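To start, the structure under review is shown below, and the notes come after it.
No experiment lies behind these values; they were computed from the predicted model shown. Both backbone and side-chain heavy atoms feed into the values below; hydrogens, waters and symmetry mates do not. In each ligand, atom 1 is the first atom listed, and ligand 1 is the first ligand listed.
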Amino acid sequence: MFLQIGLAVLIAFVIWKFMFNEEENPLDQLPGPPKWPIVGSALMFIGMSHIDLFNLLLDFPKKYGYRYMVKVFGRRVLHIYNVADIEIVLSHSKNITKTMPYSFLEPWLGTGLLISTGNKWHQRRKIITPTFHFNILKNFSKVFEKKSRDLVHRLKKMSGEYVDVFSVISDFTLYTICETAMGTQLDFDNSTSTIEYKESIKQIGNQVVNRLAKFWLHADVVFYHTTLGKQFVKCLKIVQTFADNVIVERKNNINQEDSSLIQNLDEHADKETKKRLAFLDLLIVAENKGKINMEGIREEVNTFMFEGHDTTAMALTYGLMLLADHEEVQAKIYEECKAIFGDSERTPSWSDLTEMKYLEATIKEILRLYPSVPFIGRQVTEDFMLDDLPVKRGVEILVPIYDMHRREDIYPEAEAFKPERFLYGEVRHPYAYIPFSAGPRNCIGQRFAMQEMKCALSEICRNFRLVPKMKGVRPTLKADIILRSIDPIYVKFLPRQLK
Ligand code: HEM
């Protein structure tokens, strides 16, 4: 009896709240998919796969224009495609809070740099920015060189067969980030803890995405009772334990020489140390100065491990697919490398990579067509004006990078792969090209990512001619935190004679 009365009161409250007590919102005047009382447009998304959702989002701006609003129950999600709007949103100094999908990463990444907001984010960004100092990145180029050489060896063993590119490339990016972030080599260590860590870190990303795709798993009370939730907890434990052990070991080993080197990076630009510095060492030095604690170090190490391997792995995978399809682009990269290396078989140094202008333009074009992060979300915490439109606290904003990068009026022949767009100084709005986002919350790892990708792609193009499984075929994509393909992408790597 009491239960029924309670239920009736609850339903009456929900109806009153959504139908009669809802504040006027200027966004309600914007175009958008049909809305019903209480549920908004929620019904149209029920049972939709991630592929359908991705396609629906591509279709919406054609129907509703470059500023539209999707309402799902009480949530108002404003979608913006105009570069001027995107600039206002991404350059806003106060509205820096991320939207809901990232919260599912929180049990793993904590509130590290990617997820945190407000003062915590400001402080962390200040502490972490020096870890991406030019001289630190230069120090990492040795890791890029070595891992790229190992990658070429692995591909040589598979020459002539169609290779599932992502599975090989994601090992490369994982090994690279692990050595640069934690100073730990995963590739040749066959201990159980290392193998488990490698597997878990790959699975954990998939588990988060699976959860995101199923709205009934969004509530913690449900999720942690499912098989998926239990597997997630298991992987989380393995990943956290491994990271904690590495941090403790590294803390015990950091010495006076490392500390002084880190604190005087500019003076010691070219100094070689016996031990290669890792991001983690810089965080340990920051801890010694009381700027970050153990929990903070763990959050940031895990954040680098997540952001630093999947993003570059997907970009390189799409990149190899596009190169295989465009022999003329491969040939130009090969010629550029030949002009730099001549007959030498040495791996590229930092300054060699800086000279690779055509390859740089190619990578930019890869990231235009396939930005590893297809959408950026912001939760509005402070009212602001989007030009003439008042946007109120509580609204969510979605910046669809993937779709904006394919706007025909900004990029003529937008679907075509043309690295030359980025070679001859074509003028466009600075916010019209944002694979690494822009404004205060832009990607802190972008220079790292560019150098790593340049190193890997130049080594691959010097050593192989790439052949597609089927020319002109493009993958089916799905809406996710990272831009993923439904099916594997296959490429054949035919060895070149290096001369
Ligand atoms: C192709 C490679 C990469 C792409 C396309 C990319 C893209 C992005 C984008 C779009 C954001 C903003 C996300 C948002 O606002 O929701 C971001 C943030 C971030 N990225 Fe990257 N990223 C790449 C590689 C890396 C690498 C290699 C690292 C680390 C070594 C890294 C570390 C981060 C971190 C820590 C943030 C959060 C920054 C903050 O909020 O202050 N990324 N990245």
Side-chain angles (χ1 to χ4, degrees), residues 86 89-93 95-103 105 109-118 120-129 131-133 136-137 140 143-144 147 169-170 172-174 176-182 278-280 282-283 299-319 360 363-379 396-402 404-405 431 433-457 480-483:
I86 293 175
V89 170
L90 293 186
S91 61
H92 201 285
S93 60
N95 282 318
I96 54 167
T97 303
K98 298 287 174 76
T99 40
M100 184 268 280
Y102 280 112
S103 63
L105 288 165
L109 310 184
T111 43
L113 193 60
L114 183 69
I115 300 178
S116 59
T117 187
K120 178 164 182 182
W121 174 78
H122 276 285
Q123 280 170 4
R124 283 286 166 85
R125 184 88 189 195
K126 212 165 136 194
I127 297 167
I128 290 166
T129 298
T131 61
F132 285 87
H133 188 287
I136 293 286
L137 293 186
F140 291 158
V143 180
F144 299 159
K147 302 294 170 202
I169 291 294
S170 63
F172 160 75
T173 58
L174 182 62
T176 305
I177 193 66
C178 203
E179 198 159 334
T180 48
M182 298 204 275
F279 284 126
L280 175 55
L282 288 99
L283 294 173
E299 285 177 345
E300 299 310 342
V301 164
N302 286 328
T303 296
F304 288 150
M305 289 303 299
F306 167 69
E307 267 294 304
H309 97 271
D310 237 7
T311 46
T312 36
M314 272 333 298
L316 285 170
T317 301
Y318 294 122
E360 187 166 314
I363 296 173
K364 285 184 176 164
E365 178 69 343
I366 292 166
L367 289 172
R368 178 186 71 82
L369 283 166
Y370 294 97
S372 318
V373 180
F375 309 99
I376 296 180
R378 288 285 181 275
Q379 181 76 47
E396 290 167 53
I397 302 184
L398 199 86
V399 180
I401 307 181
Y402 173 90
M404 193 270 284
H405 277 181
Y431 281 72
Y433 181 71
I434 47 165
F436 294 108
S437 185
R441 289 213 82 154
N442 69 352
C443 173
I444 201 167
Q446 58 184 291
R447 270 203 299 178
F448 176 104
M450 284 303 285
Q451 290 300 86
E452 179 188 0
M453 290 190 289
K454 266 181 161 180
C455 195
L457 287 179
D480 193 332
I481 297 178
I482 306 276
L483 184 67

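Here is the list of ligand 1 atoms found below 4.0 Å of a heavy atom in Ile444: 34 (C), 35 (C). Shown in contact with Ile376 at under 4.0 Å from a heavy atom are these atoms of ligand 1, numbered in order with element: 14 (C), 15 (O), 16 (O). Proximity to Arg441 (heavy-atom distance under 4.0 Å) selects the following atoms of ligand 1: 12 (C), 39 (C), 40 (O). Here is the list of ligand 1 atoms found below 4.0 Å of a heavy atom in Arg125: 38 (C), 39 (C), 41 (O). If you number the atoms of ligand 1 from 1 as listed, the ones under 4.0 Å from a heavy atom of Ala449 come out as 2 (C), 24 (C). Of all atoms in ligand 1, listed by their number and element, those nearer than 4.0 Å to a heavy atom of Ser372 are 1 (C), 5 (C). Close approach to Leu114 involves these atoms of ligand 1, each under 4.0 Å from a residue heavy atom: 36 (C), 37 (C). Under a 4.0 Å criterion applied to the non-hydrogen atoms of Ser437, ligand 1 contributes the atoms 10 (C), 12 (C).
Contact annotation: the side chain of Tyr102 never approaches that of Gln379 to less than 4.5 Å [non-hydrogen atoms, C-beta and beyond]. Counting heavy atoms from C-beta on, the side chains of Leu113 and Trp121 come closer than 4.5 Å. The side-chain heavy atoms of Met453 and Leu316, taken from C-beta on, include a pair separated by under 4.5 Å. Using a 4.5 Å heavy-atom cutoff, the side chains of Ile481 and Asp310 are not in contact.
With no hydrogens or angles considered, no side-chain donor-acceptor pair links Thr311 and Ser372 at under 3.5 Å.
Across the listed options Pro440, Pro435, Cys443, Pro435 owns the non-hydrogen atom lying nearest to atom 10 (C) of ligand 1. In the candidate list Glu452, Glu307, Met314, Glu307 is nearest to atom 20 (N) of ligand 1, counting heavy atoms. Among Gly308, Gly377, Pro371, the residue whose heavy atom sits closest to atom 29 (C) of ligand 1 is Gly308. Of the candidates Ile177, Leu90, Asp310, it is Ile177 that places a heavy atom closest to atom 30 (C) of ligand 1.
Checked by distance only, ligand 1 and Tyr102 come closer than 3.5 Å through their nitrogen or oxygen atoms. For ligand 1, one of its N or O atoms has an N or O atom of Trp121 under 3.5 Å away.
Of the heavy atoms in Val373, only side-chain atoms (C-beta onward) come closer than 4.0 Å to ligand 1. Under 4.0 Å from ligand 1, the heavy atoms of Arg378 that appear belong solely to its side chain. Residue Phe448 touches ligand 1 through its side chain alone, judged by heavy-atom distances below 4.0 Å. When heavy-atom distances to ligand 1 are checked against a 4.0 Å cut-off, Lys98 comes that close only through its side chain, counted from C-beta outward. Contacts between Met453 and ligand 1, counted as non-hydrogen atom pairs separated by less than 4.0 Å, involve the side chain only.
Centroid-to-centroid, the aromatic rings of Phe132 and Phe140 stay 6.0 Å apart or farther.
Across all non-hydrogen atoms, the minimal contact from His309 to Thr173 is O-OG1, 3.0 Å.
Rounding to the nearest 0.5 Å gives a distance of 9.5 Å between OG1 of Thr129 and CD1 of Ile127.
Judged by distance alone, the side chain of Arg378 and the main-chain N or O of Ile397 form no donor-acceptor pair under 3.5 Å. When atom types are taken as modelled, the side chain of Tyr433 and the backbone of Lys364 share a donor-acceptor pair closer than 3.5 angstrom.
Protein heavy atom at the shortest distance from atom 6 (C) of ligand 1 is Phe436 CD2, 3.6 Å. Looking only at heavy atoms of the protein, atom 23 (C) of ligand 1 is closest to Thr311 OG1, 3.5 Å.
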What's the verdict on side-chain contact (heavy atoms from CB on, under 4.5 Å) for Met404 and Ile86, showing C-alpha distance, side-chain angles and the deciding distance?
CA-CA 10 Å; Met404 193 270 284; Ile86 293 175; 3.9 Å; yes

What's the verdict on side-chain contact (heavy atoms from CB on, under 4.5 Å) for Glu307 and Ile444, showing C-alpha distance, side-chain angles and the deciding distance?
CA-CA 10 Å; Glu307 267 294 304; Ile444 201 167; over 6 Å; no

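For the salt bridge (charged side-chain N to carboxylate O under 4.0 Å, His left out) test, no residue two or more places apart in sequence or in another chain qualifies with Arg441.
Under a 4.0 Å heavy-atom criterion, Asn442 is in contact with ligand 1.
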